[in-house]
Amino acid sequence: MNLEEVKAKWTALIEQQLARVEEMKAQGDFVDYSNKEHIVIGVCGGDGIGPAITAQAERILRYLLAADIESGRVEIRTIDGLTIERRAAEMAAIPPAVLEELKQCDVILKGPTTTPRKGDQWPNVESANVAMRKALDLFANVRPVRIPELGIDWMFYRENTEGGYAAGKEGINITEDLGIDFTIATTQGCERIIRAAFENARQNGRTRVTAVTKANIIKTTDGKFLDVFYKIAEEYPEITADDWYIDIMTAKLLDEQRRRDFQVVVLPNLYGDIITDEAAEIQDGVGTAGSANIGKRYAMFEAVHGSAPRMVQEGREIYADPSSIIKAAAMLLSHIGYRKESEKLEEALYICSSAEKKVVLTGRSNGATSEEYADYIMETLARL
Ligand code: IPM
Ligand code: MG
């Protein structure tokens, strides 16, 4: 690239981000589902083991929402086509027709989707998760991690549309030897995620919100995140606000004494990506976490793990663990106002996976199928 081309690309990127700022300024408040007469839940299986595990989560949703599905208040709509084959064929992170269908829904339950990487058989299409988060402006990635027996109850608020992800594929190879990527923070983008974290703390009686950055080094964008954090903290005098750098925070999550003190944690995109995997691993593996992607208009709930293509190649997808997508379904229920059903489902999940363990998944034929596991969860729900 010659310098003029680099400058043109750089200018286009800046203009795009300035336009985003204007869009964010014009944004209203969150949708209030309690007043909605009709709620559409889109169910999108994704790839690999996705369709198999998502089908089980859908059965549980249908079971818990039976009356309101019957009355027509809630509609569950299947959305096909978010598969790596179709995305590759159309060379689109989300095929445009699929995106249109998604936009007709209020909330989406999404199975894992394959993210191509260098050297595999797929062309370089952008990650479907990342594209969906951007296309539907799902700026808050909410990931709870709870281990009651260790006194751990963490709520991560990961910024989901900015940081290193906003222009992750817009980096420039200026010469053969020089590559530059961009990381982006806007005041509006920081404000909305940080406010969401403090609101969560206030509404749930949590007394501490912690920001995590590397503002000592990444001075401009992480610096902005931190400045906005302490400014917003002033509006929540009942809540203790503090901040840590990502490196020591990563270590502190392994410190059995100190880690219990963390409550709500708010972080820029990439740090949130990394630390929520660490936290989920402490809980019981990344497959056990749930993940909500929340915006003002739409919300999407997903399994945290990948699509496990090898399990499908070996014919083992019927033995895949559906816990993560079922946890996502529980978060979905709570988000659209079915809090009681959501709590029941969380409790049933806890009973089935930790307290009772009458049906055990191993990922292989010596364990239960995901269908048997979902049956077990529904039987447990019926007892609650
Ligand atoms: C996650 C995942 C995604 C991310 C990948 C699949 C693009 O790791 O949801 O945490 O990096 O956000
Ligand atoms: Mg991740």
Side-chain angles (χ1 to χ4, degrees), residues 138-165 183-284 286 288-294 304 331:
L138 309 173
F139 61 87
N141 187 188
V142 183
R143 295 181 160 177
V145 167
R146 276 185 214 109
I147 317 170
E149 54 282 19
L150 297 182
I152 289 175
D153 187 359
W154 297 327
M155 188 57 98
F156 293 94
Y157 270 74
R158 164 191 177 191
E159 202 293 320
N160 219 10
T161 50
E162 304 201 330
Y165 284 66
T183 188
I184 287 158
T186 64
T187 303
Q188 290 71 19
C190 295
E191 275 171 3
R192 60 188 190 173
I193 184 71
I194 291 165
R195 197 176 296 284
F198 276 100
E199 280 299 314
N200 175 277
R202 179 171 276 174
Q203 281 160 25
N204 294 288
R206 296 166 193 260
T207 52
R208 181 177 175 198
V209 178
T210 303
V212 177
T213 68
K214 189 75 185 175
N216 51 340
I217 303 297
I218 314 294
K219 291 189 189 288
T220 307
T221 48
D222 281 3
K224 178 184 280 298
F225 194 92
L226 206 52
D227 288 347
V228 170
F229 175 76
Y230 281 114
K231 209 173 115 229
I232 289 184
E234 289 170 13
E235 296 171 33
Y236 298 83
E238 80 278 18
I239 294 169
T240 304
D242 67 341
D243 79 279
W244 293 68
Y245 294 134
I246 179 67
D247 48 352
I248 188 65
M249 183 69 181
T250 309
K252 282 297 152 201
L253 289 194
L254 300 179
D255 177 336
E256 288 176 14
Q257 289 314 310
R258 304 290 299 279
R259 67 182 178 189
R260 296 184 198 152
D261 300 336
F262 294 115
Q263 298 182 23
V264 178
V265 180
V266 63
L267 350 70
N269 210 337
L270 185 57
Y271 310 139
D273 176 44
I274 296 166
I275 225 161
T276 54
D277 266 12
E278 185 193 14
E281 186 67 27
I282 295 170
Q283 175 171 262
D284 205 13
V286 293
T288 63
S291 172
N293 298 268
I294 295 174
V304 176
M331 295 178 86

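Note that the coordinates shown come from a computational prediction; the quantities given were computed from them, not determined experimentally. For this chain, numbers begin at 1 and follow the sequence in order.
With 3.5 Å as the limit, one finds a donor-acceptor pair spanning the side chains of Glu159 and Thr161. Side-chain atoms of Thr207 and Gln263 include a donor-acceptor pair closer than 3.5 Å.
The two atoms that bring Ala279 and Val145 nearest to each other are O-CG1, 3.6 Å, heavy atoms only. Closest approach of Thr183 to Gly163, counting heavy atoms only: OG1-C, 3.1 Å. Between Pro268 and Asp222, the shortest heavy-atom distance links the atoms CG-OD1, 3.9 Å. Contact record, Ala233 with Ala241: CB-CB, 3.6 Å, taken as the closest heavy-atom pair. Minimum heavy-atom separation, Arg202 to Pro237: NH2-CD, 4.4 Å. Here the closest heavy-atom approach between residue Ala211 and residue Leu226 is recorded as CB-CD1, 4.1 Å.
In this structure the side chain of Arg259 reaches within 4.5 angstrom of the side chain of Leu150, judged on heavy atoms. A heavy-atom distance below 4.5 Å is not found between the side chains of Tyr271 and Phe156. The shortest side-chain heavy-atom distance between Ile282 and Ile152 falls under the 4.5 Å cut-off. When side chains are defined from C-beta on, Arg158 counts as touching Asp273, because their heavy atoms get closer than 4.5 Å. Side-chain contact between Tyr236 and Val209 is absent, with no heavy-atom pair separated by less than 4.5 Å. Contact annotation: the side chain of Trp154 never approaches that of Ile275 to less than 4.5 Å [non-hydrogen atoms, C-beta and beyond]. In this structure the side chain of Val212 reaches within 4.5 angstrom of the side chain of Val265, judged on heavy atoms.
By the 6.0 Å and 45° rule, Arg206 does not stack over the aromatic ring of Tyr157.
Note: Arg143 CZ to Met331 CE = 9.5 Å, rounded to the nearest 0.5 Å. To the nearest 0.5 angstrom, Phe198 atom CZ is 10.0 Å from Glu234 atom CD. Interatomic distance, Asn216 CG to Asp247 CG, rounded to the nearest 0.5 Å: 7.0 Å. Here the CG-CD distance, from Leu270 to Glu162, works out to 13.5 Å after rounding to the nearest 0.5 Å. Once rounded to the nearest 0.5 Å, the distance linking CG of Asp242 with CZ of Arg208 reads 4.0 Å. Between the OG1 atom in Thr240 and the CD atom in Glu238 there is a gap of 9.5 Å [rounded to 0.5 Å].
The environment of CG in Asp284 is sparse: at most 12 heavy-atom neighbours from other residues, nucleotides or ligands sit within 6.0 Å.
Salt-bridge formation is detected for the pair Lys252/Asp255: a Lys NZ or Arg NE/NH1/NH2 atom is positioned less than 4.0 Å from an Asp or Glu carboxylate oxygen.
For the side-chain hydrogen bond (donor to acceptor under 3.5 Å, both in side chains) with Ser291, the lone residue among Asn160, Asn141, Thr276 that qualifies is Asn141. Exactly one residue among Thr187, Thr213, Thr220 makes a side chain to side chain contact (heavy atoms under 4.5 Å, CB included) with Phe225. That residue is Thr213.
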(request) May I have the step-by-step check of side-chain contact (heavy atoms from CB on, under 4.5 Å) for Ile217 and Tyr245, ending in yes or no? (result) CA-CA 10 Å; Ile217 303 297; Tyr245 294 134; over 6 Å; no
